[in-house]
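As the structure is a computational prediction, the values presented were derived from the model and not from experiment. Counting starts at 1 for both ligands and their atoms, following the listed order.
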Amino acid sequence: MPNSTLSTQEVAALINVTETTIKRWADSGTLPCSKTAGGHRKFLTRDVIAFAEAHGYTVMGALPPPMTRQQRDGLEFAVATRNYSRIAEIFFQESMQGDRDGLLDLLLYLYRHKIAFDVIVDEVVRPALTKVGDLWAQGKLEVNQEHRASHAITDAMVRLAPELHHKPSNSLSAVCACLEGEQHEFGLRSLAYTLEAEGWKVHYVGSNTPAGTLATFVTVMKPELVCLSCTIVNRRSKVIDQLRTVTQSAGKYGGKVIVGGYGAEELARHQVPADFVAHSVSEAVGFVKDAFRLRPGPKRASNR
Ligand code: B12
């Protein structure tokens, strides 16, 4: 279960120094800490123990359990009732601690309680990261806090991927890439893991891929599916041009192209050169299941 956190007062009591000393150590970076939206310092128990051991302080008194009974009950109840907004809030709180192990435990807990991976991404991870982004945009989170949270989540997701149940190969392949200039790859990565679990061979190209090189790759590899992610749309016409370059290459041999991401949702109001615009990983999975019936077969002719 996730690691517990301690307040400044609790840490001071634990190693028998004043609160002022703790704040000084925290602010100088000697003792790792994060701040809540309200500006309160929070410390990971394991960081405090490591610090005490390294600096010769004796840890006094009993340590709080990793998660209180009340928190555990809250999570169990939220999972049992599929209360995703509550689960997302718990996930958000964990991500703000930057606690990668705790986040992995939480993800494993959800997955083992039969919440499908695409649902975890769409209903838990996405709202949690949206909240992180909103707080950052409002100036309530420092960039370092936002980065730490998103990296901790990425790390936990990478470590969750091998734990997913993998179906046997379906002999289909997919290329997953972000358009040029695009660094947001979380949705794409999640889709890649989902496809792999469904038996696809995935070529994960990742962030910031120029359309020309992607088109060449697609022409050579001839994947049945090309997944493109697009969040930042500074110039719509440029993004559309990039999409067209790739879809034309895929169209020549009948490959399908799906586009997703924050920016793609905006683009969907216009003519998008793609077979499908997905608002979520679950939607993409639905399209893929329909389009391919998940059976290998001869390359289909283009329907564009
Ligand atoms: C994490 C994050 C980052 C990380 C990305 C790390 C990484 N490796 O992915 C970093 C720190 C790099 C980053 C950088 C920037 N970011 Co940023 N970022 C975010 C944040 C907080 C979370 C995004 C995320 O990962 N969400 C979780 C995933 C799972 O959800 P999702 O992206 O919404 O995707 C879902 C669907 O869209 C779909 N999907 C997504 N991709 C795909 C692909 C396919 C093929 C399919 C089928 C489906 C699909 O499925 C997902 C699950 O439901 C958002 C906040 C927000 N509201 O989204 C801001 C946000 C997206 N960022 C923003 C901005 C402005 C930036 C920067 C310009 C900041 C800056 N000044 O430097 C840079 C731009 C970098 C660039 N050129 O790309 C803005 C974008 C506003 C806009 N519309 O233009 C947001 C919305 C923050 C805000 N509130 O202002 N960011």
Side-chain angles (χ1 to χ4, degrees), residues 84 88 91-92 95-96 98 103 107 116-158 160 174-195 198 200 202-210 214 223 225-236 238-239 242-243 246-247 250 255-268 272 274-291:
Y84 292 120
F91 191 79
F92 164 78
S95 72
M96 289 317 299
L103 284 169
L107 288 171
F117 179 68
D118 54 332
V119 176
I120 295 178
V121 174
D122 292 337
E123 305 292 342
V124 178
V125 179
R126 182 188 194 173
L129 271 165
T130 301
K131 186 166 175 181
V132 170
D134 289 348
L135 289 172
W136 165 77
Q138 293 161 18
K140 291 181 181 161
L141 276 189
E142 292 288 334
V143 173
N144 67 65
Q145 290 174 299
E146 189 220 341
H147 283 197
R148 189 178 68 157
S150 60
H151 284 305
I153 295 176
T154 306
D155 187 82
M157 296 287 279
V158 170
L160 175 71
V175 166
C176 294
C178 297
L179 295 179
E180 188 166 0
E182 185 60 70
Q183 285 176 29
H184 299 92
E185 57 164 325
F186 210 89
L188 187 78
R189 188 185 279 274
S190 307
L191 179 62
Y193 292 157
T194 309
L195 290 173
E198 288 290 330
W200 288 71
V202 175
H203 303 281
Y204 191 75
V205 184
S207 66
N208 189 16
T209 313
L214 194 53
L225 182 67
V226 181
C227 308
L228 300 173
S229 191
C230 152
T231 294
I232 303 283
V233 181
N234 290 332
R235 272 185 45 219
R236 195 170 69 223
K238 192 173 171 219
V239 174
Q242 289 186 53
L243 288 175
V246 183
T247 48
K256 298 226 179 284
V257 178
I258 57 174
V259 189
Y262 202 88
E265 292 171 25
E266 276 177 51
L267 287 178
V272 183
D275 292 286
F276 188 63
V277 178
H279 295 78
S280 64
V281 174
S282 309
E283 242 184 59
V285 169
F287 169 80
V288 167
K289 282 189 174 155
D290 282 354

Asks: Measure from atom 79 (C) of ligand 1 to the protein's non-hydrogen atoms and state whether any distance is below 4.0 Å.
Replies: no
Asks: Using a strict cut-off of 4.0 Å, indicate which atoms of ligand 1 neighbour a heavy atom of Glu185.
Replies: 7 (C), 8 (N), 9 (O)
Asks: Taking atom 7 (C) of ligand 1 as the point of reference, which of Glu123, Gln183, Met157 owns the nearest heavy atom?
Replies: Gln183
Asks: Which residue supplies the protein heavy atom nearest to atom 45 (C) of ligand 1, what is that atom called, and how far is it?
Replies: Leu228 O, 3.3 Å
Asks: Counting from 1, what ligand 1 atoms have a heavy atom of Cys227 closer than 4.0 Å?
Replies: 45 (C)
Asks: Check whether Glu146 reaches the backbone of Gly133 with its side chain - one donor and one acceptor, N or O, closer than 3.5 Å.
Replies: no
Asks: Is there a side-chain contact between Val288 and Thr194 (heavy atoms, below 4.5 Å)?
Replies: no
Asks: Pick, from Arg126, Lys131, Gln138, the option with the minimum heavy-atom distance to atom 30 (O) of ligand 1.
Replies: Arg126
Asks: So is Ser190 touching ligand 1 or not, going by heavy atoms under 4.0 Å?
Replies: no
Asks: If hydrogens are left out, which of Phe287, Trp136, Tyr262 has an atom nearest to atom 82 (C) of ligand 1, that is, the closest non-hydrogen atom?
Replies: Tyr262
Asks: With atom 13 (C) of ligand 1 as the reference point, say which of Arg189, His279, His184, Glu283 has the nearest heavy atom.
Replies: His184
Asks: Does Asn208 use its side chain to pair, donor to acceptor, with the backbone of Glu180 at less than 3.5 Å?
Replies: no
Asks: Please tell me if atom 54 (C) of ligand 1 is touched by the protein, where touching means a protein heavy-atom distance below 4.0 Å.
Replies: no
Asks: Determine whether the side chains of Asp122 and Ser282 contain a donor N or O and an acceptor N or O closer than 3.5 Å.
Replies: yes
Asks: So which heavy atom in the protein is nearest atom 25 (O) of ligand 1, and how far is it from that ligand atom?
Replies: Phe186 CB, 3.2 Å
Asks: Got a protein heavy atom sitting under 4.0 Å from atom 72 (O) of ligand 1?
Replies: no
Asks: Measure the distances from the heavy atoms of Glu146 to every atom of ligand 1 and state whether one is below 4.0 angstrom.
Replies: yes
Asks: For ligand 1, which atoms, with element, lie under 4.0 Å from some heavy atom of Thr231?
Replies: 61 (C)
Asks: Do any non-hydrogen protein atoms sit less than 4.0 Å from atom 10 (C) of ligand 1?
Replies: no
Asks: So if I count the atoms of ligand 1 from 1 in the order they appear, which ones are less than 4.0 Å from some heavy atom of His147?
Replies: 11 (C)
Asks: Donor-acceptor pair, distance only, cut-off 3.5 Å: does the side chain of Gln145 make one with the backbone of Glu142?
Replies: yes
Asks: At a 4.0 Å cut-off, with the gap strictly under it, does some heavy atom of Val125 reach an atom of ligand 1?
Replies: no
Asks: Is the backbone of His279 close enough, under 3.5 Å, to the side chain of Glu283 for a donor and an acceptor to pair up by distance?
Replies: yes
Asks: Nearest protein heavy-atom contact for atom 27 (C) of ligand 1: which residue, which atom, what distance?
Replies: Leu129 CD1, 3.5 Å
Asks: Starting from atom 84 (O) of ligand 1, find the nearest protein heavy-atom neighbour and note its residue, name and distance.
Replies: Ile232 CD1, 3.8 Å
Asks: Is it true that Val132 lies under 4.0 Å from ligand 1, counting heavy atoms only?
Replies: no
Asks: Determine, considering heavy atoms only, which of Gly261, Ala137, Ser282 sits nearest to atom 40 (C) of ligand 1.
Replies: Gly261
Asks: Look at atom 41 (N) of ligand 1 and say which protein heavy atom is nearest, naming residue and atom and giving the distance to 0.1 Å.
Replies: Ser229 OG, 3.0 Å
Asks: Heavy-atom distance from atom 43 (C) of ligand 1 to the protein below 4.0 Å?
Replies: yes
